[in-house]
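Notes for the one structure printed next.
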There are 2 protein chains.
Amino acid sequence: MKMFLGTYTNKIDDKNRMAVPAKFRDQLGGKCMLTKGFDECLYIYTMEDFEEMAAKIAALPQSDADFREFIRDFFGNSELCELDGQGRIKIPQNLREYAHINKDLVTTGAMNKVEIWSAETKADFDLAKKMKDSKFTDKLREFSI
Amino acid sequence: MKMFLGTYTNKIDDKNRMAVPAKFRDQLGGKCMLTKGFDECLYIYTMEDFEEMAAKIAALPQSDADFREFIRDFFGNSELCELDGQGRIKIPQNLREYAHINKDLVTTGAMNKVEIWSAETKADFDLAKKMKDSKFTDKLREFSI
DNA sequence: GGCAAAGTGGGGAAAAGTGGGGTAAAATCA
DNA sequence: TGATTTTACCCCACTTTTCCCCACTTTGCC
């Protein structure tokens, strides 16, 4: 099974470029889809995984205002990114703002996608603390974890 | 899969012209259909997609007064636009008013169409959206997304 | 240490975006 | 119908952004 693993730190430069960790590049094959994540981060998908998801979303009825918003939000915040000669992608302004990206990044493999976090935002999330929250652990238990 | 992606900001000039983002131009091929959007924005369709949409709408039963009004509104506010030498289209007055377009625009890819928003209207719309987000995720789940 | 690969920064050419002038076509009105 | 005004459109010019390429620094590994 193909999956993205590991955590890396890197920087974004003045031209909105960030180097995709070399370990992830082979799996992406020169290009990738960059999208808004469900949390305050960005996702990198392979082309195949993105298209699978896009096809599902494309089938939603446009007569429904909520779905129109969702479609707009999803496609409007997705970008096809080609890696440059140095293995970097360009992060568009709208996505950069969404993820509160300043300078330092944390890039982490999350199974079928790569997540890009602002270092500051990521630091706020602490797993050890979360695991002490009984509401959360109850929720986990329902899934046999 | 061919689709419109990404969000861009641009301006409309004193001659009612706006530059179509370069990324979208190739897919449009020199001309496009400009229509009134379902929300307070305008849509740009490719010729093929417009015709597909138009065929669906034209097939609505004319015996129904609601549909008659919808058909009238749709075709009455559709315009064939040719891109000029700089890749710009002209926005007619009626559509400009409908979308409350002043000067600054937000242009966003939304799968099979491009949406043109007044920057101010879009900002208000996005804010309102934030409020409703949690309810909406429940609705999405019914579609396995 | 020394080499290779990865990460980072920046210059410069090309493309995209924006504004405006001039002329032709269309609309308006006497 | 003819004269005047308005609108549309083609072209040029300037500014901003993007992207390709090169170079330096850092990291990892033998």
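Atoms considered below: every heavy atom in the structure, side chains included; atoms not considered: hydrogens, waters and symmetry mates.
- For DNA chain D, none of the residues of residues 92-114 of chain B falls under the heavy-atom distance limit of 4.0 Å.
- Under 4.0 Å is where a charged nitrogen must lie from a carboxylate oxygen, and between Asp84(A) and Lys90(A) no such pair does.
- For the side chain to side chain contact (heavy atoms under 4.5 Å, CB included) test, residues two or more places apart in sequence or in another chain that qualify with Ala110(A) are Lys113(A), Glu115(A).
- In terms of modelled atom types and a separation under 3.5 Å, the side chain of Arg72(A) and the main chain of Phe67(A) share no donor-acceptor contact.
- In this entry the distance linking CG of Asp13(B) with P of dC9(D) reads 13 Å, nearest Å.
- By the 30° and 60° cut-offs, the orientation of the rings of Phe70(B) relative to Phe38(B) is tilted.
- Legend: residues meeting ring pair (Phe, Tyr, Trp, His ring centres under 6.0 Å) with Phe50(A), ordered by chain and number and at least two apart, are Phe74(A).
- The backbone N or O of Ala19(A) lies less than 3.5 Å from a partner atom in the side chain of Asn10(A), making a donor-acceptor pair.
- Of the charged side-chain nitrogens involved, none lies within less than 4.0 Å of a carboxylate oxygen, so that Asp64(B) and Arg68(B) do not count as a salt-bridged pair.
- Contact check on Lys130(A) versus Asp133(A) returns no salt bridge, with no Lys/Arg side-chain nitrogen under 4.0 Å from an Asp/Glu carboxylate oxygen.
- In the displayed structure, Met131(A) atom CE is contacted under 6.0 Å by at most 12 heavy atoms of other residues, nucleotides or ligands.
- Pairs of residues two or more places apart, or lying in two chains, that qualify as ring-ring contact (aromatic ring centres under 6.0 Å, His included) and include a residue from residues 93-124 of chain B are Trp117(B)-Phe125(B).
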Notebook entry, point to check: Taking protein heavy atoms under 4.0 Å as touching, what does nucleotides 19-30 of chain D look like 5' to 3' if B marks base contact, S marks sugar-phosphate-only contact and - marks none?
Noted result: BBBB--------

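- Nucleotides of DNA chain C that come within less than 4.0 Å of any heavy atom of chain B span, from the 5' end to the 3' end, dA16(C) to dG22(C).
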